[in-house]
Enquirer: 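Just dropping this structure here.
Chain identifiers are assigned alphabetically (A, B, ...) following the order of the sequence lines, protein sequences preceding nucleic acid strands; residue numbering begins at 1 within each chain. Just the heavy atoms: all of them, side chains too, but no hydrogens, waters or symmetry mates, feed the values below.
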Protein chains: 2
Amino acid sequence: MNKLSSFLSKTEILNAAEQTLRKYGPDKASVTDVAKLLGVSHGTLYRHFPSKAALREAVTERWLEEMIVAPLTEIAAIPTTNALGQLRDYIAKLVELKQHHASQDSEMFKMYAAVTEESAALVEVHIRKLLDHIDLLIAQGMEQGLISRSIPAAVQARSVLYGTARFHHPAHAYEWRSPGIMQEFAQLWTLLERGLSEH
Amino acid sequence: MNKLSSFLSKTEILNAAEQTLRKYGPDKASVTDVAKLLGVSHGTLYRHFPSKAALREAVTERWLEEMIVAPLTEIAAIPTTNALGQLRDYIAKLVELKQHHASQDSEMFKMYAAVTEESAALVEVHIRKLLDHIDLLIAQGMEQGLISRSIPAAVQARSVLYGTARFHHPAHAYEWRSPGIMQEFAQLWTLLERGLSEH
DNA sequence: CAAATGACAATAATAATTATTTGTCATTTG
DNA sequence: CAAATGACAAATAATTATTATTGTCATTTG
């Protein structure tokens with residue numbers, strides 16, 4: 001169904017799996033459902049992914065990369081003379097993206113939250129990417145004389161990410177419905193920015 | 001059973017409920033179990049608490065007060081010439097207490113975490129107590145010229161509590177087993193302290 | 001007569017049964 | 001012969017039947 005080539009590609013499977021996940025949610029979607037959508041036997045899918053867990057992880061990995069990491073990479077890559085302001089934009093975007101998908105793409109967000117509890121490896125890789133971005137921005141901020149060198153950039157990067165966890169970690173998603181949430185983030189950021197600043 | 005007076009008191013019920021909770025865990029413990037332990041009919045308990053939920057909340061409320069709030073109130077009340085240092089001790093104690101009970105009093109901690117998701121009112125009251133303590137310490141720090149007045153104390157208090165959520169919010173309990181957790185807290189604190197400081 | 005009881009209906013949890021899904025692999029297909 | 005199939009066993013999940021718990025209240029007890 002909708003096949004562009006006669007042989008199944010990983011991308012086609014991921015597309016179908018994501019569509020199935022969106023339709024039935026991560027608790028109900030089965031490998032059989034995905035196979036049905038593709039018009040193939042479910043056994044076929046096991047020639048491409050060793051297990052259902054692996055398929056779920058692959059879908060989540062791609063979703064995270066496309067929906068969260070890619071837009072952030074873009075922000076981190078913009079040349080700037082104000083790395084500290086860029087860091088604020090970066091974290092604000094991270095918060096905005098997570099909260100947006102939690103409400104507007106809820107089934108995939110649930111999938112992401114579930115995989116987060118199942119696969120420490122996937123989380124670790126994701127966190128590492130964010131930390132690398134933040135680390136880079138902080139190092140630039142140091143070069144620009146905006147951010148204090150009294151603490152290593154990598155250490156400050158972790159503190160910034162963990163310190164803002166309430167606003168982007170999926171375990172806090174139910175708190176994001178509160179109307180004051182973005183103001184609270186802005187206020188915390190003011191404090192963190194003071195802590196990061198050279199002065 | 002173990003009754004000091006012939007009539008049941010709320011305290012006796014709470015003691016029995018807590019004992020039952022510790023024995024069976026919050027998922028298995030029933031009102032009937034509590035009644036059995038007290039040697040009374042379960043209907044009697046409904047003359048003291050309107051529902052099982054209310055009983056669970058009352059037990060949790062008392063536990064929170066005794067195990068978490070009371071020790072913190074003590075720290076907040078110590079007279080000091082270094083309110084910023086005291087604030088560090090306060091938050092460190094909050095983190096230590098939560099993490100200690102998560103591992104050493106796990107059934108009651110589970111009960112607390114469950115009630116946290118059921119009763120927004122209880123959480124709100126608990127948070128308010130902590131915020132009042134932190135607010136007080138920050139206001140003192142301002143008077144002592146240690147903490148910046150550029151942001152209202154109440155706002156900074158909320159930022160401090162939410163900024164350290166990863167280290168005391170029950171949703172993050174599974175991350176507390178990581179060996180680096182206290183170092184990460186110390187590093188975040190260094191950053192927050194820089195942000196709070198007058199300079 | 002305040003406090004507690006225990007019989008009762010409604011609701012929820014558990015256990016037993018049935019149906020689906022997951023994962024394997026010898027066989028088929030193009 | 002690489003790719004896919006589909007029959008099969010094992011593991012999960014959904015359904016149903018059964019048992020336990022929750023919550024009420026008219027009645028009993030001290």
Enquirer: Specify the separation, in whole Å, of atom CG of B:Leu38 and atom C1' of C:dA4.
Expert: 13 Å
Enquirer: Roughly how many Å is it from CZ in B:Arg56 to P in D:dT22, rounded to a whole number?
Expert: 10 Å
Enquirer: Just how far is it from atom CD of B:Glu18 to atom OG1 of B:Thr11, taken to the nearest 0.5 Å?
Expert: 11.5 Å
Enquirer: Starting at OH of A:Tyr24 and ending at C1' of C:dT20, how long is that distance when rounded to a whole Å?
Expert: 14 Å
Enquirer: Could you list the residues that satisfy salt bridge (charged side-chain N to carboxylate O under 4.0 Å, His left out) with B:Lys110, not counting sequence neighbours?
Expert: B:Glu107
Enquirer: With a 3.5 Å cut-off and just heavy-atom distances, do the side chain of A:Ser41 and the base of D:dG6 make a donor-acceptor pair?
Expert: yes
Enquirer: Going 5' to 3' along nucleotides 25-30 of chain C, which nucleotides have protein heavy atoms under 4.0 Å from the base (write B), which only from the sugar-phosphate (write S), and which from neither (write -)?
Expert: ------
Enquirer: If only side-chain N and O atoms of B:His48 are considered, is one of them under 4.0 Å from the OP1 or OP2 phosphate oxygen of C:dA3?
Expert: no
Enquirer: NZ of B:Lys52 versus P of D:dA20: gap in Å, rounded?
Expert: 15 Å
Enquirer: Can you tell me how far the CG atom of A:Leu94 sits from the CD1 atom of A:Ile134, to the nearest 0.5 Å?
Expert: 7.0 Å
Enquirer: When rounded to the nearest 0.5 angstrom, what distance separates CG in B:Leu137 from OH in B:Tyr90?
Expert: 7.5 Å
Enquirer: Check the pair B:Ser9 / B:Glu12 against side-chain hydrogen bond (donor to acceptor under 3.5 Å, both in side chains), numbers first and verdict last.
Expert: CA-CA 5 Å; B:Ser9 72; B:Glu12 284 174 288; 3.2 Å; yes
Enquirer: What pairs of donor and acceptor atoms, side-chain ones from residues 179-189 of chain B against any protein atom, are under 3.5 angstrom apart with sequence neighbours left out?
Expert:
residue	atom	partner	partner atom	Å
B:Glu184	OE1	B:Arg166	NH2	2.3
B:Gln187	OE1	A:Arg158	NH2	2.8
B:Trp189	NE1	B:Glu193	OE1	2.7

Enquirer: Do any of residues 25-34 of chain A sit with a heavy atom less than 4.0 Å from DNA chain C, and if so which?
Expert: A:Ser30, A:Val31, A:Thr32
Enquirer: With the threshold set at 4.0 Å, does a side-chain nitrogen-carboxylate oxygen contact exist between A:Arg128 and A:Asp132?
Expert: yes
Enquirer: Please report the closest heavy-atom contact between B:Leu196 and A:Arg194, naming both atoms and the distance.
Expert: O-NH2, 4.3 Å
Enquirer: About how many Å separate CG of A:Leu38 and CG of A:Asn15, when rounded to the nearest 0.5 Å?
Expert: 9.0 Å
Enquirer: Please tabulate, for the side chains in residues 111-118 of chain B, all donor-acceptor contacts under 3.5 angstrom to protein atoms that are two or more places apart in sequence or on a different chain.
Expert:
residue	atom	partner	partner atom	Å
B:Tyr112	OH	B:Lys98	NZ	2.9
B:Thr116	OG1	B:Tyr112	O	3.3
B:Glu118	OE2	B:Arg56	NH2	3.3

Enquirer: Which heavy atom of A:Gln144 sits nearest to which heavy atom of A:Thr81, and what is that distance?
Expert: OE1-O, 3.2 Å
Enquirer: NE2 of B:His42 versus C1' of C:dT11: gap in Å, rounded?
Expert: 13 Å
Enquirer: Whenever both distances are under 3.5 Å in a Watson-Crick or G-U wobble pair, mark it; put DNA chain D into dot-bracket that way, with [ ] for crossing pairs and | when the partner is on another strand.
Expert: ||||||||||||||||||||||||||||||
